[in-house]
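Written out below as structure tokens is the structure these notes cover.
Remember, it's 1-based here, ligands and their atoms both numbered in the order they're listed.
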Amino acid sequence: MGRRALRKIDPDLDLSHHLHTLTELPAEQSLPELFDNPAAPLEVEVGTGKGLFMRSAAAEHPARNFLGVEIAGKYARFAAAGLAKRGLHNGVMLHGDGLALFADRIPADSLAAVHVYFPDPWWKKRHHKRRVMIPAFAKNIERALSLGGRLHFWTDVRDYFETALEMLAAETRLAGPIDVAGQAAGGEVKYHTHFERRMRLRDVPIYRAEFARG
Ligand SMILES: C[S@@+](CC[C@H](N)C(=O)[O-])C[C@H]1O[C@@H](n2cnc3c(N)ncnc32)[C@H](O)[C@@H]1O
């Protein structure tokens, strides 16, 4: 994702609570049990990158648990280190494929929210099938959300946004899009994710939508 080299991770930092590998998690491992308070509402971010959202959300909402899944090992590790360094035990990273996580590891009606921010655009039409916002994932999100649970989807790629919104309407019964434009406007600039920062500094428009399971 980023072009800048990642800062070095302190080799003495203990990542045993904050980093797991999806394919190495035993089949019977319950995801809430990865946290100190398994009864807290669980939110999942798919494609965390360097983990800015994970660490600010975990710090801001100590009574919720945040599980990040990131396919690139170096980013999963970096995001986990950011959580570990700050002692944020309600944030845990999984190194692995978010689509596989949703396909068979997340029980129905179990998530308070799913976050997908600036997923890789795969610009060429013939590569669109590699995008994460595909029908199978949308259906799995709908199944995984508890009643009233939210899907948050932001991107700077208009075509991706429009196609994903059409697909969500066709493939799921999620209510939305609930308009969240302007949420990040005005006042002190507080970036949600690294990509949001990058795009806003370049004045690139950002498309934001939220959906709810009714
Ligand atoms: C464009 S970056 C955005 C990162 C972050 N969400 C942000 O806004 O700064 C997309 C990230 O999604 C990750 N990714 C792509 N496909 C994925 C998948 N199937 N499961 C988990 N992560 C994925 C990439 O490795 C990359 O870190």
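When each of D97, V69, I71 is checked for a side-chain contact (heavy atoms from CB on, under 4.5 Å) with V46, only V69 meets the rule.
Listed by chain and residue number, A112 satisfy the side chain to side chain contact (heavy atoms under 4.5 Å, CB included) test with P41 (two or more places apart in sequence, or in another chain). In this structure, the side chain to side chain contact (heavy atoms under 4.5 Å, CB included) partners of I134, at least two apart in sequence or on a different chain, are L99, F137.
For the pair N65 (side chain) and L42 (backbone), a donor-acceptor distance under 3.5 Å is absent. Of the possible donor and acceptor atoms, one in the side chain of R86 sits under 3.5 Å from a partner among the backbone N and O of G82.
Ligand 1 places these atoms under 4.0 Å from at least one heavy atom of G96: 20 (N), 21 (C). Per-residue contacts place V69 under 4.0 angstrom from the following atoms of ligand 1 (heavy atoms of the residue considered): 21 (C), 22 (N). The D97 neighbourhood of ligand 1 comprises atoms 18 (C), 19 (N), 20 (N), with distances under 4.0 Å to a heavy atom of that residue. When each atom of ligand 1 is checked for a heavy atom of H194 under 4.0 Å away, the hits are 9 (O). If you number the atoms of ligand 1 from 1 as listed, the ones under 4.0 Å from a heavy atom of V132 come out as 16 (N), 19 (N). For ligand 1 and G49, the ligand atoms under 4.0 Å from any heavy atom of the residue are 4 (C), 27 (O). Atoms of ligand 1 found under 4.0 Å from any heavy atom of T48 (numbered from 1 in listed order, with element): 5 (C).
Shortest non-hydrogen contact noted between E142 and L174 is OE2-N, 3.9 Å.
Under the 6.0 Å distance and 45° angle rule, R158 does not count as a cation-pi partner of F161.
Inclusion of T193 in the set of residues having an N or O under 3.5 Å from an N or O of ligand 1 is warranted. Taking distance alone, with nitrogen or oxygen atoms compared against 3.5 Å, V46 stays at or beyond that limit from ligand 1. Where the criterion is an N or O separation shorter than 3.5 Å, residue side chain and backbone included, F118 fails it with respect to ligand 1. The shortest N or O to N or O distance between G98 and ligand 1 is below 3.5 Å. Residue E196 has no N or O atom closer than 3.5 Å to an N or O atom of ligand 1.
The neighbour count for R77 CZ, taken as heavy atoms of other residues, nucleotides or ligands under 6.0 Å away, does not exceed 12.
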